[in-house]
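The structure under discussion appears below in the form of structure tokens.
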Amino acid sequence: MRIDKMLANLGYGSRKEVKQLLKRGAVKVDDVVVKDAKQHVDTAKQTVTLNGEVVEYKEFIYLMMNKPQGVLSATEDNSCETVIDLLEMEDQVYEPFPVGRLDKDTEGLLLITNDGQLAHRLLSPKKHVPKTYFAVIDREVDAADVEAFAEGVTLDDGYETKPGDLKILKSGVRSDIELTITEGKFHQVKRMFEAVGKSVVYLKRITMGPLPLDETLELGEYRELTDEEVELLRNYQVK
């Protein structure tokens, strides 16, 4: 990769600004000053420093966020804050995007990456990657609902959902449940409960495929996935 492109991609300035850094002799490759913006560098084998600090280059970034309510699962929006707005600039420079969407008023696990291939694997309708949600339901959830979800319910537009695995954690005037589904239709969890005459008052995604939400993350916080977690996602096969 060209040295100017690498540094610009990492947010060290525009191509023009990076060229000024190079001209000043601020950039070294393997301890040798580089002033030619066109020089190529092997990011896997060579060490690049800027003003004596090692520049770490990576092609892909993988982030787990505990998405708060009121924030859009989008890369940009003219009127609302997005999950990308919550990222540090050093992560924004990789131009990541949310993998799928969580509704504006839904909390929980959201993956953010610039690895389009991995995102496609997790989102492809053919893959049936399961996603588990915790929800508070306004009304009593009972065995009849469990059976209905296990067969699939008919949404307001006539769509028949694939079976969902509904677990009742607490049943009463307000019920706590966990629901695992393998689809990602618009407002699907809310619409599935509407199909059985009930409404969702709180919704949080707690798993996606093999990956559980890191419960140490406060709302709005995020962290990079570990190498092991990335491999889990890459190698994940739906049973």
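Bear in mind the structure is a predicted one, so any value in this text is a computation, not a measurement. For this chain, numbers begin at 1 and follow the sequence in order.
- The residue from His128, Arg121, Lys126 that alone fulfils the side chain to side chain contact (heavy atoms under 4.5 Å, CB included) condition with Ser124 is Lys126.
- Between Phe97 and Ile112, the closest side-chain pair of non-hydrogen atoms is not below 4.5 Å.
- Distance alone, capped at 3.5 Å, is enough to place a donor-acceptor pair between the Gln92 side chain and the Ile84 backbone.
- Using modelled atom types, one finds no donor on one side chain facing an acceptor on the other under 3.5 Å when comparing Thr132 with Glu178.
- Residues Gly13 and Val18 share a closest heavy-atom pair of O-CG2, 3.8 Å.
- Ion pairing of Lys167 with Asp165 is present here, as a side-chain N (NZ or NE/NH1/NH2) and a carboxylate O approach within less than 4.0 Å.
- In this structure, the side chain of Ser171 does not engage the main chain of Asp142 through any donor-acceptor pair within 3.5 Å.
- Side chain of Arg174 to main chain of Ile137: no donor-acceptor pair is present (N/O by atom type, distance under 3.5 Å, no hydrogens or angles).
- Transitive grouping of hydrophobic side chains (ILVMFWY, heavy atoms separated by less than 4.5 Å) keeps Tyr236 and Leu232 in distinct clusters.
- Distance CD/Glu229 to CG/Leu111: 9.5 Å, rounded to 0.5 Å.
- Side-chain heavy-atom separations under 4.5 angstrom define the hydrophobic clusters, and Leu219 shares its cluster with no other residue.
- Remark: Glu160 CD is packed, more than 12 non-hydrogen atoms of other residues, nucleotides or ligands lying under 6.0 Å away.
- Ile206 belongs to a hydrophobic cluster whose remaining members, ordered by chain and number, are Phe134, Val136, Leu169, Val201, Tyr202; membership requires side-chain heavy atoms of ILVMFWY residues under 4.5 Å apart, directly or through intermediates.
- Between the side chain of Glu221 and the backbone N or O of Glu218, at least one donor-acceptor pair lies under 3.5 Å.
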Next item on the list: Please step through side-chain hydrogen bond (donor to acceptor under 3.5 Å, both in side chains) for the pair Ser79 and Asp77, ending with a clear verdict.
Entry: CA-CA 6 Å; Ser79 56; Asp77 189 85; 3.1 Å; yes
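- Geometric assessment of Lys185 against the ring of Tyr159 yields a positive cation-pi assignment under the 6.0 Å and 45° thresholds.
- Once rounded to the nearest 0.5 Å, the distance linking CG of Asp85 with CD of Glu76 reads 9.5 Å.
- When side chains are defined from C-beta on, Leu123 counts as touching Val99, because their heavy atoms get closer than 4.5 Å.
- Between the NZ atom in Lys23 and the CG atom in Asp36 there is a gap of 11.5 Å [rounded to 0.5 Å].
- With hydrogens and angles ignored, the 3.5 Å screen pairs no side-chain donor or acceptor of Lys198 with any backbone N or O of Asp138.
- Counting only distance, with no hydrogens or angles, the side chain of Arg205 and the backbone of Leu213 share no donor-acceptor pair below 3.5 Å.
- Within a 6.0 Å radius of CG in Asp31, no more than 12 heavy atoms belonging to other residues, nucleotides or ligands are found.
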Checklist line | Intermediate values then yes/no, side-chain contact (heavy atoms from CB on, under 4.5 Å), Phe149 and Val196 | finding: CA-CA 9 Å; Phe149 278 45; Val196 293; 3.9 Å; yes
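- Scanning both residues, Arg2 and Ala37, for their nearest heavy atoms gives NE-O, 3.8 Å.
- Asp91 and Tyr222 share a side-chain donor-acceptor pair at under 3.5 Å.
- Placement of Val48 and Val33 in two distinct hydrophobic clusters is found when ILVMFWY residues are connected by side-chain heavy-atom separations under 4.5 Å, directly or transitively.
- The residue from Val153, Asp145, Val141, Leu203 that alone fulfils the side chain to side chain contact (heavy atoms under 4.5 Å, CB included) condition with Phe193 is Val141.
- Note on Leu63 and Leu118: separate hydrophobic clusters, where clusters join Ile, Leu, Val, Met, Phe, Trp and Tyr whose side-chain heavy atoms are under 4.5 Å apart, directly or indirectly.
- Screening Lys35, Arg15, Lys38 for a salt bridge (Lys or Arg N to Asp or Glu O under 4.0 Å) involving Asp4 leaves a single residue, Arg15.
- For Asp214, the side chain to side chain contact (heavy atoms under 4.5 Å, CB included) criterion is met by Met64, Thr216, Leu217, Arg223, not counting sequence neighbours.
- Shown here for Val200 and Ala135, the closest heavy-atom pair between the two residues is CG1-CB, 4.3 Å.
- Considering Val32, Leu50, Val55 in turn, Leu50 is the only one that fulfils the side chain to side chain contact (heavy atoms under 4.5 Å, CB included) rule with Val27.
- Within a 6.0 Å radius of CD in Gln46, more than 12 heavy atoms belonging to other residues, nucleotides or ligands are found.
- At least one side-chain heavy atom of Leu211 sits less than 4.5 Å from a side-chain heavy atom of Leu233.
- The residues Arg191 and Glu194 are annotated as not salt-bridged, no charged nitrogen and carboxylate oxygen being separated by less than 4.0 angstrom.
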Next item on the list: Could you check Gln20 against Glu17 for side-chain contact (heavy atoms from CB on, under 4.5 Å), going step by step and ending with a plain yes or no?
Entry: CA-CA 5 Å; Gln20 293 301 317; Glu17 290 167 335; 5.6 Å; no
Item checked: Intermediate values then yes/no, side-chain contact (heavy atoms from CB on, under 4.5 Å), Glu53 and Thr49 -> CA-CA 5 Å; Glu53 295 287 323; Thr49 58; over 6 Å; no
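- Side-chain contact between Glu107 and Lys67 is absent, with no heavy atoms from C-beta onward closer than 4.5 Å.
- Pairing each heavy atom of Pro96 with each of Leu87, the nearest pair is CG-CD1, 3.7 Å.
- The side-chain heavy atoms of Pro98 and Thr75, taken from C-beta on, include a pair separated by under 4.5 Å.
- Proximity of a side-chain donor or acceptor of Glu183 to a complementary backbone N or O of Lys162 within less than 3.5 Å is detected.
- Under the 4.5 Å side-chain contact rule for hydrophobic residues, Leu110 and Val189 share a cluster.
- Here the closest non-hydrogen pair linking Gly184 and Arg101 is O-NH2, 4.0 Å.
- Residues Thr182 and Lys127 are not in side-chain contact: their nearest non-hydrogen atoms beyond the backbone lie 4.5 Å or more apart.
- Rounded to the nearest 0.5 angstrom, Phe60 CZ and Gln117 CD are separated by 7.5 Å.
- What you find for Lys190 and Asp105 is that their closest heavy atoms are NZ-OD1, 2.7 Å.
- Note that CD1 of Ile181 and OG1 of Thr161 are 8.5 Å apart. Values are rounded to the nearest 0.5 Å.
- For the atom pair CG of Leu166 and OG1 of Thr180, the computed distance is 9.0 Å after rounding to the nearest 0.5 Å.
- A distance-only check finds no donor-acceptor pair linking the side chain of Thr207 to the backbone of Lys131 [under 3.5 Å].
- At least one side-chain heavy atom of Asp115 sits less than 4.5 Å from a side-chain heavy atom of Tyr62.
- Hydrophobic clustering of Ile, Leu, Val, Met, Phe, Trp and Tyr side chains at less than 4.5 Å, counting indirect connections, keeps Leu109 apart from Leu72.
- For the pair Glu224 and Lys58, the minimum side-chain heavy-atom distance is below 4.5 Å.
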